[in-house]
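Comments concern the structure below.
Bear in mind the structure is a predicted one, so any value in this text is a computation, not a measurement.
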Amino acid sequence: QVQLVESGGGLVQAGGSLRLSCAASGRTFSTYAMGWFRQAPGKARDPVARINWSGDWTNVTNSVKGRFTISRDNAKNTVYLEMNNLKPEDTATYYCAADSAYAELANAYYVDYWGKGTLVTVSP
C-alpha cells in the first residue's frame with residue numbers, strides 16, 4: 001500500500017512558476033514508477049509526466065515539454081513537478097500517481113495509487 005500526499009499548488013500569474021511535491025509513505029517507494037496527472041473541470045484526467053523508479057527514464061506530455069520537469073528523491077520518498085512559464089490552460093487539479101509499471105502511468109485507467117490532488121490556478 002502506498003499513500004500519496006501532494007503539496008505546492010496555488011494561484012500564480014501566467015509566466016510564473018510552481019513546484020509541486022508528492023510525499024509517499026511506505027518503504028517500497030523506490031520500487032514504484034511515479035507520475036503526475038491533471039484534471040480540469042469537466043475534462044478527463046490526463047497524464048502530464050512520469051518517471052521510473054531510478055529516475056533514469058522520464059516522459060512529459062507534449063503540451064508541457066520544455067516547461068515542466070519531473071524528478072524524484074528516493075531518500076526522501078518524494079517526487080516533484082517543476083512547472084515554469086505557466087499558462088492559463090495549465091489550470092487544473094494535479095494528482096500524484098504511483099504504479100509498479102512505468103508504462104501504465106501513461107493512462108489514468110491503469111494507475112495503482114492516487115493522491116487527493118492539489119489545485120493549480122494560473123491567471124492571465
Side-chain angles (χ1 to χ4, degrees):
Q1 190 79 5
V2 177
Q3 293 185 324
L4 306 172
V5 179
E6 303 96 334
S7 61
L11 174 64
V12 64
Q13 287 188 328
S17 299
L18 283 174
R19 188 195 199 199
L20 305 184
S21 299
C22 172
S25 66
R27 292 175 290 178
T28 59
F29 171 78
S30 62
T31 68
Y32 282 88
M34 301 295 296
W36 290 94
F37 286 72
R38 67 185 180 185
Q39 187 169 21
K43 296 193 175 182
R45 189 173 296 189
D46 292 327
V48 175
R50 66 186 191 268
I51 187 167
N52 78 322
W53 68 272
S54 66
D56 291 338
W57 301 345
T58 63
N59 181 276
V60 294
T61 195
N62 285 339
S63 62
V64 306
K65 201 162 287 185
R67 301 188 296 122
F68 290 13
T69 304
I70 188 170
S71 62
R72 67 188 295 161
D73 185 338
N74 286 344
K76 295 182 178 180
N77 280 14
T78 303
V79 63
Y80 305 97
L81 185 67
E82 187 75 34
M83 307 186 294
N84 297 312
N85 190 21
L86 282 158
K87 303 177 181 181
E89 53 263 42
D90 295 318
T91 294
T93 297
Y94 284 70
Y95 295 91
C96 181
D99 200 283
S100 56
Y102 175 73
E104 290 189 348
L105 286 168
N107 190 318
Y109 181 82
Y110 298 109
V111 168
D112 290 338
Y113 300 104
W114 291 103
K116 292 184 177 181
T118 185
L119 179 62
V120 172
T121 304
V122 184
S123 63

When the side chains of residues 1-11 are checked against the rest of the protein, which donor-acceptor pairs come out under 3.5 Å, sequence neighbours left out?
from: Glu6; atom 1: OE1; to: Lys116; atom 2: N; distance (Å): 3.1
from: Glu6; atom 1: OE1; to: Gly117; atom 2: N; distance (Å): 2.9
from: Glu6; atom 1: OE2; to: Cys96; atom 2: N; distance (Å): 2.8
from: Glu6; atom 1: OE2; to: Gly117; atom 2: N; distance (Å): 3.1

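- The shortest side-chain heavy-atom distance between Val79 and Cys22 falls under the 4.5 Å cut-off.
- Put simply, the side chain of Val64 reaches to within 4.5 Å of the side chain of Arg38, judged on heavy atoms.
- Using a 4.5 Å heavy-atom threshold, the side chains of Thr61 and Asp46 count as separate.
- Val111 approaches Ala98 most closely through the heavy-atom pair CG1-O, 3.8 Å.
- When every heavy atom of Ala14 is checked against every heavy atom of Pro88, the shortest pair comes out as CB-CD, 4.1 Å.
- We find the OG-CG distance between Ser30 and Asp73 to be 11.5 Å, quoted to the nearest 0.5 Å.
- Across Tyr110 and Glu104, no two heavy atoms sit closer than the pair O-OE1, 3.4 Å.
- Dense packing is recorded around CD of Glu89, with more than 12 heavy atoms of other residues, nucleotides or ligands lying under 6.0 Å away.
- Ala92 and Ala40 get closest at one heavy-atom pair: CB-N, 3.9 Å.
- Taking each heavy atom of Leu86 and Leu18 in turn, the nearest pair found is CD1-N, 3.8 Å.
- For the atom pair Thr93 OG1 and Gln39 CD, the distance stands at 7.5 Å (nearest 0.5 Å).
- Between the CG atom of Leu81 and the OH atom of Tyr94 there is a distance of 7.5 Å, given to the nearest 0.5 Å.
- The two residues Ser17 and Asn84 come nearest to each other via the heavy atoms OG-OD1, 2.9 Å.
- Interatomic distance, Tyr113 OH to Asp99 CG, rounded to the nearest 0.5 Å: 9.5 Å.
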Name each donor-acceptor pair under 3.5 Å that joins a side chain in residues 65-72 to protein atoms two or more places apart or in another chain, with its distance.
from: Lys65; atom 1: NZ; to: Asn62; atom 2: OD1; distance (Å): 3.1
from: Arg67; atom 1: NH1; to: Asn85; atom 2: O; distance (Å): 2.9
from: Arg67; atom 1: NH1; to: Asp90; atom 2: OD2; distance (Å): 2.7
from: Arg67; atom 1: NH2; to: Ser63; atom 2: O; distance (Å): 3.0
from: Arg67; atom 1: NH2; to: Asp90; atom 2: OD1; distance (Å): 3.1
from: Arg67; atom 1: NH2; to: Asp90; atom 2: OD2; distance (Å): 3.4
from: Arg72; atom 1: NE; to: Trp53; atom 2: O; distance (Å): 3.4
from: Arg72; atom 1: NE; to: Asn74; atom 2: OD1; distance (Å): 2.8
from: Arg72; atom 1: NH1; to: Tyr32; atom 2: O; distance (Å): 2.7
from: Arg72; atom 1: NH1; to: Asn52; atom 2: O; distance (Å): 2.9
from: Arg72; atom 1: NH2; to: Phe29; atom 2: O; distance (Å): 3.0
from: Arg72; atom 1: NH2; to: Tyr32; atom 2: O; distance (Å): 3.0
from: Arg72; atom 1: NH2; to: Asn74; atom 2: OD1; distance (Å): 3.2

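- Cluster membership for Trp36 and Val120, using ILVMFWY side-chain heavy atoms within less than 4.5 angstrom, is shared.
- Using modelled atom types, no side-chain atom of Thr78 and backbone atom of Ala23 make a donor-acceptor pair closer than 3.5 Å.
- The ring-ring contact (aromatic ring centres under 6.0 Å, His included) search around Trp114 returns Phe37, not counting sequence neighbours.
- In this structure, CD1 in Ile51 is found 8.0 Å from OH in Tyr102, a value given to the nearest 0.5 Å.
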